There are 2 protein chains.
Amino acid sequence: MDSKIKYRKSRQRDTIQEMLMNRKDHPTADTLFFELKKEFPDLSLGNVYRNLNILVEQGVIQRLDLGSTFNRFDGNAAPHSHFICTICNSVSDVDLKFDLDVSIVSNESLAGHISGYKLDFFGVCEKCRR
Amino acid sequence: MDSKIKYRKSRQRDTIQEMLMNRKDHPTADTLFFELKKEFPDLSLGNVYRNLNILVEQGVIQRLDLGSTFNRFDGNAAPHSHFICTICNSVSDVDLKFDLDVSIVSNESLAGHISGYKLDFFGVCEKCRR
DNA sequence: CTACTTGCAAAATTTTTGCAACTGA
DNA sequence: TCAGTTGCAAAAATTTTGCAAGTAG
């Protein structure tokens with residue numbers, strides 16, 4: 001976590017990254033832990049967190065904070081929006097037709113200094129609608 | 001928290017609500033706790049949480065989840081955007097000139113079923129810019 | 001070799017809960 | 001009186017950390 005650390009390659013961390021990139025749900029640390037446990041029987045949850053934090057720091061994945069009491073992780077580090085189902089809490093990616101125009105903000109003192117935004121959508125997913 | 005409970009009036013809860021409505025920073029439970037402690041010397045943090053949850057349930061305040069490890073609370077229950085300073089982590093309200101047009105979402109299967117969105121902005125606040 | 005990585009267990013942080021005493025309507 | 005409220009302490013849930021042994025380069 002110390003930014004001057006030169007990270008080594010680790011099969012565990014590589015697998016976490018790969019797993020995250022290959023699944024499009026946005027799993028929690030715990031979900032990943034149980035999935036990884038199959039391949040690394042004596043894996044510990046603490047190291048899943050440690051590796052996730054390193055991957056976030058390296059900018060290859062991102063941590064999602066979507067209003068739950070726990071974090072989810074996304075193999076796609078590029079900023080993008082999500083759709084959260086208010087019934088089953090599943091999270092899916094959302095593509096925007098256009099980039100948001102930040103000029104919709106009317107606070108003059110802030111408007112010029114906005115460096116980013118986070119836009120997420122809520123509703124009932126297709127599965128829960130049936 | 002049981003939705004069939006008929007809440008009584010409580011000076012503690014009223015004060016929390018009032019305090020929240022009168023300040024425009026968006027305090028954490030802990031911050032409120034220390035502030036309230038002046039007026040209620042043997043207040044417990046647990047009850048601050050209990051009362052905040054009741055107020056959220058009643059829809060008079062809202063819980064903010066802005067990416068930190070803790071929640072903040074907002075005396076304004078109406079959905080609105082926030083600006084989070086990436087230096088000092090302060091949170092301020094943001095007014096939008098227009099309501100966001102949800103048709104910017106291109107996922108056809110979701111587009112018609114979006115019931116809400118959450119839009120927050122990031123940058124460096126005026127104080128930290130100096 | 002030297003630093004990074006891992007497993008394990010303990011700890012830290014934030015929030016919730018059980019219980020008995022108290023209080024408002 | 002009765003159901004909601006409070007203080008206190010313990011517990012729950014999620015995430016972080018210390019340490020000693022292991023390992024990549």
Side-chain angles (χ1 to χ4, degrees), chain A residues 1-20 26-58 60-74 89 91, chain B residues 1-20 26-58 60-74 89 91:
Chain A
M1 233 71 62
D2 201 324
S3 61
K4 44 197 162 306
I5 279 184
K6 176 181 127 294
Y7 296 112
R8 211 166 270 176
K9 193 183 256 303
S10 112
R11 209 164 90 64
Q12 204 173 99
R13 189 156 62 238
D14 287 351
T15 307
I16 292 180
Q17 178 177 352
E18 202 181 306
M19 188 171 278
L20 266 179
H26 300 67
T28 62
D30 206 61
T31 302
L32 287 169
F33 171 62
F34 283 110
E35 189 65 25
L36 288 159
K37 198 88 175 167
K38 294 173 189 164
E39 191 162 345
F40 304 91
D42 39 23
L43 174 71
S44 63
L45 181 57
N47 280 328
V48 174
Y49 276 107
R50 255 194 287 232
N51 280 320
L52 285 170
N53 285 336
I54 292 173
L55 291 169
V56 168
E57 194 201 334
Q58 293 179 330
V60 299
I61 68 168
Q62 71 175 301
R63 181 195 317 276
L64 303 182
D65 200 311
L66 300 168
S68 21
T69 57
F70 45 81
N71 288 138
R72 289 170 170 278
F73 293 87
D74 191 328
N89 296 304
V91 176
Chain B
M1 234 70 62
D2 202 324
S3 62
K4 46 197 162 302
I5 280 184
K6 176 182 128 293
Y7 297 113
R8 209 166 270 175
K9 195 182 255 304
S10 111
R11 209 164 90 62
Q12 204 172 100
R13 189 154 63 239
D14 287 352
T15 308
I16 291 180
Q17 178 176 353
E18 201 182 306
M19 188 171 279
L20 222 34
H26 300 68
T28 63
D30 205 62
T31 302
L32 287 169
F33 172 62
F34 283 110
E35 190 65 26
L36 289 159
K37 199 85 177 169
K38 295 173 189 164
E39 190 163 346
F40 303 91
D42 40 22
L43 174 70
S44 64
L45 180 56
N47 279 328
V48 174
Y49 276 107
R50 256 195 286 235
N51 280 320
L52 284 170
N53 285 337
I54 291 173
L55 291 169
V56 168
E57 195 200 333
Q58 292 178 332
V60 301
I61 68 168
Q62 71 174 304
R63 181 194 316 277
L64 304 181
D65 201 311
L66 300 167
S68 22
T69 58
F70 45 81
N71 288 138
R72 289 170 170 278
F73 293 86
D74 190 329
N89 296 304
V91 176

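These numbers were taken from a predicted model, which means no experiment stands behind them.
- For the pair B/F33 CZ and C/dT16 C1', the computed distance is 15 Å after rounding to whole Å.
- Between C/dT14, D/dC8, C/dG7, one nucleotide has an atom nearer to the side chain of A/N47 than all others, and that is C/dG7.
- Ranked by how close their nearest DNA chain D nucleotide is to the 5' end, B/K37 and B/T69 are led by B/K37.
- Note on B/R13: a side-chain N or O is less than 4.0 Å away from OP1 or OP2 of D/dT5.
- Side-chain contact, B/N53 with B/R50: no donor N or O sits under 3.5 Å from an acceptor N or O.
- The OH atom of B/Y49 sits 16 Å away from the P atom of D/dA13 (whole-angstrom rounding).
- Distances from the side chain of B/Q12 to the nucleotides D/dT16, C/dT5, D/dG7 place D/dG7 closest.
- The side chain of A/I5 lies closest to C/dC4, out of C/dT17, C/dC4, D/dT14.
- Of the candidate nucleotides D/dT5, D/dT15, C/dG7, D/dT15 has the atom lying nearest to any side-chain atom of A/N71.
- In this structure, B/I54 places its CD1 atom 8 Å from P of D/dT6, rounding to the nearest Å.
- No side-chain heavy atom of B/N71 sits under 4.5 Å from any side-chain heavy atom of B/T28.
- Of the residues near DNA chain C, A/R11 and B/A29, the one whose nearest nucleotide (by heavy atom distance) lies more toward the 5' end is A/R11.
- Contact annotation for B/S10: backbone-only contact, meaning every heavy-atom pair under 4.0 Å involves sugar-phosphate atoms and none involves a base.
- Taken to the nearest 0.5 Å, the OG1 atom of A/T31 stands 11.0 Å off from the CE atom of A/M19.
- Proximity of B/E39 to B/T15: side-chain heavy atoms (C-beta onward) are separated by under 4.5 Å at one or more points.
- For the pair A/L45 CG and C/dA9 P, the computed distance is 13 Å after rounding to whole Å.
- Nucleotide C/dG7 holds its P atom 9 Å from the CG atom of A/N51, rounded to whole Å.
- Distances shown here put every side-chain N or O of B/N53 at or beyond 4.0 Å from the OP1 or OP2 atom of C/dT15.
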Do nucleotides 20-25 of chain D as a string where each nucleotide becomes B, S or -: B if the base has a protein heavy atom under 4.0 Å, S if just the sugar-phosphate does, - if no protein is that close. ---BBS
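- Each of B/R13, B/E57, B/Q58 was scored for a side-chain hydrogen bond (donor to acceptor under 3.5 Å, both in side chains) with B/Y7, with one residue passing: B/E57.
- Look at CG on B/D65: it is 18 Å from P on D/dA13, rounded to the nearest Å.
- Atom CG in B/L43 sits 6.0 Å away from atom CG in B/L36 (nearest 0.5 Å).
- A donor-acceptor pair is defined here as one N or O able to donate and one able to accept, closer than 3.5 Å; no such pair exists between the side chain of A/H26 and the backbone of A/F73.
- Taking the side chain as every heavy atom from C-beta outward, A/L20 and A/P27 approach each other to under 4.5 Å.
- Nucleotide D/dT16 holds its C1' atom 11 Å from the CZ atom of A/R63, rounded to whole Å.
- Atoms CD (B/E57) and P (C/dT16) sit 12 Å apart, rounded to a whole Å.
- Checked against C/dT6, C/dG7, C/dT15, the side chain of A/L43 finds its nearest nucleotide in C/dG7.
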